[in-house]
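This report refers to the structure that appears directly beneath it.
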Amino acid sequence: MISIVVPCYNEQESLPLFYQELEKVRKELVNADIEYIFVNDGSKDKTIEVLRELNNADPKRIKYVSFSRNFGKEAGLYAGLEHATGDYVAVMDADLQDPPEMLHAMLEELRSGDYDCIGTRRVSRDGEPPIRSFFARQFYRIINRISDTEIVDGARDYRLMTRQMVDAILSLKEYNRFSKGIFSWVGFDTKYLEYKNQERVAGETSWSFWSLFKYSLDGIIAFSEVPLVIAAFLGFFSFIAAMIALLVIIIRALIFSDSVSGWPSLVCFILALGGLQLFCLGILGKYLGKTYLETKNRPIYIVKEQSLNNEEDKARD
Ligand code: UDP
Ligand code: MG
């Protein structure tokens, strides 16, 4: 049994197409069946109605969980993985950007037993704004340089994992989830299959440039302590520089005794130091904020509605 976890946010148009494509794949699968776990992440459109209909049409295979509001894709993934019961679990986007036909190849690789996870990587970023691709590349460069957890450039969340790996991922209960990092942090042998970028079938991407920027900052902060070290170094060096400057000023005052003419440089130092302090405080604040959120121990998501047979499954367990 393969569970397919699909986080959905405003996907009313993509979902029927997605289901149609996957059914094609399911019918071609040998010795495997598919179970769908759709997670409605507080969509503003009729996604939930589409999901109810799908669930009515095939209640055994199609399950859904619906959140009380938008909790973000990471929370959706977590909820989906929690509800998945399959021996293998796949994570897939609802917009068909992750080609479903690849499941065959992924399943075959996973069955060979050499790997615990088969991931996917897009080798091209066609159809994406060039600025976005540029910043995406820079993000991967930076995070791989400063974090011990390797994050593969272009790796998608689309992957097929063994139950063992899914349980490992579920054991990470942090509130600030950065899946790309978590998948890699839990370890296990992962093989990446490559494919060309696909355009969305319907609807619109829910990621603006700004939200991607915030997401990448979260990723860096969740998986690296280097920014804290940068802050400490900056503070240290600016202190040394200030001391040297002070010496120079004192010596100059002793030799030329022009104490008044020094005020512009003084203002510069104050400004530079103030800026550095604020910068370091900002970095500290980011980490402190994350720690604060974690210590609250809030649930990662809140369910408002759920397909019934999931409850039956639970009762049977
Ligand atoms: N998604 C979600 N919650 C969100 C944003 C996105 O569950 O808050 C889902 C969305 O429905 C889709 C997947 O995450 O299945 C990827 O989103 P999208 O296609 O917008 O991202 P992109 O492919 O442009 O990176
Ligand atoms: Mg997409």
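Numbering of ligands and ligand atoms starts at 1, following listing order.
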| Just distances here: any N/O of Q97 and N/O of ligand 1 closer than 3.5 Å? | yes

| remark: the Mg ion (ligand 2) has as its nearest N, O or S atom from D95 the atom OD2

Can you report which non-hydrogen protein atom sits closest to [atom], along with the distance?
{"atom": "atom 9 (C) of ligand 1", "answer": "P7 O, 3.6 Å"}
{"atom": "atom 18 (P) of ligand 1", "answer": "R200 NH2, 3.4 Å"}
{"atom": "atom 6 (C) of ligand 1", "answer": "S206 OG, 3.2 Å"}
{"atom": "atom 1 (N) of ligand 1", "answer": "Y9 CB, 3.7 Å"}

Any atoms of ligand 1 less than 4.0 Å from a non-hydrogen atom of [X]? List them with their elements.
{"X": "D93", "answer": "13 (C), 15 (O), 16 (C), 23 (O)"}
{"X": "D41", "answer": "2 (C), 3 (N), 4 (C), 7 (O), 8 (O)"}
{"X": "A94", "answer": "15 (O)"}
{"X": "G72", "answer": "3 (N), 8 (O)"}

| message | To check you understand the geometry: which heavy-atom pair defines the closest contact between L54 and Y19, and what is its length? | response | CD2-CD2, 3.5 Å

| task | Answer yes or no on whether R132 is positioned over the face of F209, meaning its NZ or CZ is under 6.0 Å from the six-membered ring centre and within 45° of the axis. | result | no

| query | Can the positive tip of R69 be found less than 6.0 Å from the middle of the six-membered ring of F67, inside 45° of the ring normal? | reply | no

| request: Walk me through it: do R111 and E108 pass the test salt bridge (charged side-chain N to carboxylate O under 4.0 Å, His left out)? | output: CA-CA 5 Å; R111 274 183 173 156; E108 197 177 309; over 6 Å; no

| note | Within the 4.0 Å heavy-atom cut-off, what N70 brings close to ligand 1 is side chain

| request: With heavy atoms under 4.0 Å as the rule, classify the contact between E11 and ligand 1 as side chain, backbone, both or neither. | output: side chain

| Does any N, O or S atom of D93, backbone or side chain, fall under 2.8 Å from the Mg ion (ligand 2)? | no

